[in-house]
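Working notes, beginning with the structure itself.
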Amino acid sequence: MAEEEVKEKSGGGKGLIIILLVVMILLVIGIGVLVFLLMSGGDKSDGNGAADTEMHADANHGGAIDPENPNAISYSPKYKQFDPPTPETPPMYFTMDKFVVNFNGDGQAKFLAVDLKFLSYYAQLVGPDGEMEHLRPILKNDIQRLLRNQHYNDLNTPDGPDKLREEILATARGILEKHKIYPDLLVDVYMTRFVMQ
């Protein structure tokens, strides 16, 4: 009986040693992979000693911003191409009609009123005869649907209106992308009026 207990205890210790060895081996392999990735990713030259030109890329859609003209974006030819704005081009705004919708006021409010202005540097997008003017009915429909689905308790927080702005911008960019217009040409959206009653 005593011999069986000794064998069980020594067998359990061997299992623990095997587990520790496996963990150590995996840890060494992980460190090796990390070192390899860090060493291979550090060289940014093209082989002739010249560094790549710095371009800031958009993580979502792959467009690149020219550091000399931050208002201009180069992007995939699968999207409709527009003439790039000059560096001195001021921001331009596309004003939407006033939105007044019934929404989920949670007993606190019945109506949500919002005025919107979309910012871009591309006149072909937000100008009087720009692409957004042609998409106005679609924008109005989708933004109204978004506003109707809001909740008073979500909007009545310090960052509630900012989250709504992000959702409106994402909605508008989605519409542009469906119509083969590079979505990030639309820089931002501003609420010039935000009222819950």
Side-chain angles (χ1 to χ4, degrees), residues 56-66 69-197:
H56 303 281
D58 171 38
N60 295 331
H61 302 102
I65 298 171
D66 182 355
N69 183 2
N71 298 337
I73 301 173
S74 62
Y75 49 91
S76 169
K78 76 176 186 176
Y79 296 107
K80 186 173 185 177
Q81 298 294 307
F82 298 112
D83 297 330
T86 63
E88 304 85 30
T89 300
M92 291 171 261
Y93 297 93
F94 178 76
T95 303
M96 290 293 299
D97 299 331
K98 299 178 184 313
F99 290 96
V100 179
V101 297
N102 290 331
F103 79 120
N104 296 319
D106 297 325
Q108 304 291 322
K110 292 182 180 182
F111 300 103
L112 174 62
V114 178
D115 293 353
L116 300 174
K117 288 185 182 258
F118 289 95
L119 172 115
S120 180
Y121 291 94
Y122 285 77
Q124 302 98 330
L125 181 63
V126 296
D129 293 324
E131 296 293 327
M132 287 189 67
E133 185 61 43
H134 303 297
L135 298 172
R136 185 182 291 275
I138 301 168
L139 288 162
K140 186 167 180 134
N141 178 69
D142 290 5
I143 292 170
Q144 275 184 336
R145 181 178 39 222
L146 175 68
L147 294 174
R148 282 192 303 267
N149 290 325
Q150 297 302 308
H151 292 270
Y152 177 84
N153 291 335
D154 295 334
L155 295 175
N156 197 30
T157 62
D159 61 343
D162 291 329
K163 288 181 180 177
L164 178 59
R165 278 183 53 227
E166 291 172 10
E167 291 177 26
I168 291 170
L169 183 61
T171 298
R173 285 179 171 171
I175 293 167
L176 293 180
E177 190 160 24
K178 283 181 190 173
H179 290 87
K180 304 294 183 207
I181 299 169
Y182 187 65
D184 291 345
L185 297 180
L186 199 59
V187 176
D188 210 341
V189 62
Y190 299 99
M191 290 191 287
T192 55
R193 178 176 71 148
F194 177 79
V195 179
M196 295 187 290
Q197 284 185 296

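For this chain, numbers begin at 1 and follow the sequence in order.
- L125 has its side chain out of reach of F94: every pair of non-hydrogen atoms, C-beta onward, lies at least 4.5 Å apart.
- For the atom pair CD1 of I175 and CD1 of I181, the computed distance is 10.5 Å after rounding to the nearest 0.5 Å.
- Of all non-hydrogen atoms in A172 and F118, the two that sit nearest each other are CB-CE2, 3.6 Å.
- Across all their heavy atoms, I73 and Y75 have their closest contact at O-CD2, 3.3 Å.
- Note that NZ of K180 is 13.5 Å distant from CD of E131, once rounded to the nearest 0.5 Å.
- Between L186 and M132 the shortest side-chain heavy-atom distance falls below 4.5 Å.
- Nearest heavy atom pair, residue H134 against residue D129, reads NE2-O, 3.5 Å.
- Taken to the nearest 0.5 Å, the CE atom of M196 stands 4.5 Å off from the CG atom of N156.
- When all heavy atoms of N102 and F111 are compared, the pair lying nearest together is OD1-CE2, 2.8 Å.
- The stretch residues 148-159 participates, sequence neighbours left out, in these salt bridge (Lys or Arg N to Asp or Glu O under 4.0 Å) pairs: D159-K163.
- The two atoms that bring Y121 and P85 nearest to each other are O-CB, 3.4 Å, heavy atoms only.
- No side-chain heavy atom of L116 sits less than 4.5 Å from a side-chain heavy atom of R165.
- In this view, P161 and M191, F194 satisfy the side chain to side chain contact (heavy atoms under 4.5 Å, CB included) rule, not counting sequence neighbours.
- Residues R145 and N149 share a closest heavy-atom pair of O-ND2, 3.1 Å.
- In this structure, L155 and L112 have side chains that are in contact, with non-hydrogen atoms separated by less than 4.5 Å.
- Side-chain atoms of Y79 and E177 include a donor-acceptor pair closer than 3.5 Å.
- Within the model, atoms CG of D188 and CD1 of I168 stand 11.0 Å from one another, a figure rounded to the nearest 0.5 Å.
- Residue T192 holds its OG1 atom at 11.5 Å from OH of Y93, rounded to the nearest 0.5 Å.
- E167 is linked by a salt bridge (charged side-chain N to carboxylate O under 4.0 Å, His left out) to nothing, counting only residues two or more places apart in sequence or in another chain.
- Partners of M92 under the side chain to side chain contact (heavy atoms under 4.5 Å, CB included) rule, at least two apart in sequence or in another chain, are T89, A123, V126.
- Taken from OG1 in T171 to CG in L139, the straight-line distance is 9.5 Å, to the nearest 0.5 Å.
- The side chain to side chain contact (heavy atoms under 4.5 Å, CB included) test with V114 singles out one residue from V101, L147, V195, I143, and that residue is L147.
- Listed by first and then second residue, the salt bridge (Lys or Arg N to Asp or Glu O under 4.0 Å) pairs that reach into residues 105-120 are K98-D115, D115-R193, sequence neighbours excluded.
- Applying the side chain to side chain donor-acceptor pair (under 3.5 Å) test to Q108 and every residue at least two apart in sequence or in another chain returns nothing.
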